[in-house]
Amino acid sequence: MDGEKNILSLHLVVNPTLDMPGISKLLQSAREITAAQNVQHPTIQVEMDGSPCNLVNC
């Protein structure tokens, strides 16, 4: 965005049966992976598998 930092927009599609502690653990893992890849500004969105999607290829 500013030409200086690495950014990432990410959608994590999870099983609808995953509970909040599981989602929190998954988010923490995603943050650790993005930090290890030198991403300074990740935007992570969690979506349940089967949720409606307005994109062509979800």
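The basis for the numbers below is simple: all heavy atoms, side chains too, and nothing from hydrogens, waters or symmetry mates.
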Indicate if I44 and I33 have the same hydrophobic cluster label, given that clusters are the connected sets of ILVMFWY residues with side-chain heavy-atom separations under 4.5 angstrom.
no

Side-chain heavy atoms under 4.5 angstrom apart, residues restricted to Ile, Leu, Val, Met, Phe, Trp, Tyr: same cluster for L10 and V13?
no

Roughly how far apart are L8 CG and Q40 CD, rounded to 0.5 Å?
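One finds 11.0 Å between CG of L8 and CD of Q40.
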
Please identify which of these residues, I23, N15, T17, meets the side chain to side chain contact (heavy atoms under 4.5 Å, CB included) condition with M48.
I23

Nearest heavy atoms of T34 and P42, plus distance in Å
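Closest approach of T34 to P42: OG1-CG, 3.7 Å.
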
Scanning both residues in full, the closest heavy-atom pair of L12 with L27 reads CD1-CD2, 4.3 Å

I'd like to know if the side chain of N6 reaches the main chain of N38, judged simply by a donor and an acceptor atom lying under 3.5 Å from each other, with no hydrogens or angles considered.
yes

Measure from the side-chain N and O atoms of Q45 to the backbone N and O of H11, and report whether any donor-acceptor pair falls under 3.5 Å.
no

Run the side-chain contact (heavy atoms from CB on, under 4.5 Å) test on V14 and L26 for me, step by step, so that the C-alpha distance in whole Å, both residues' side-chain angles and the decisive distance to 0.1 Å come before the verdict.
CA-CA 9 Å; V14 300; L26 181 63; 3.3 Å; yes

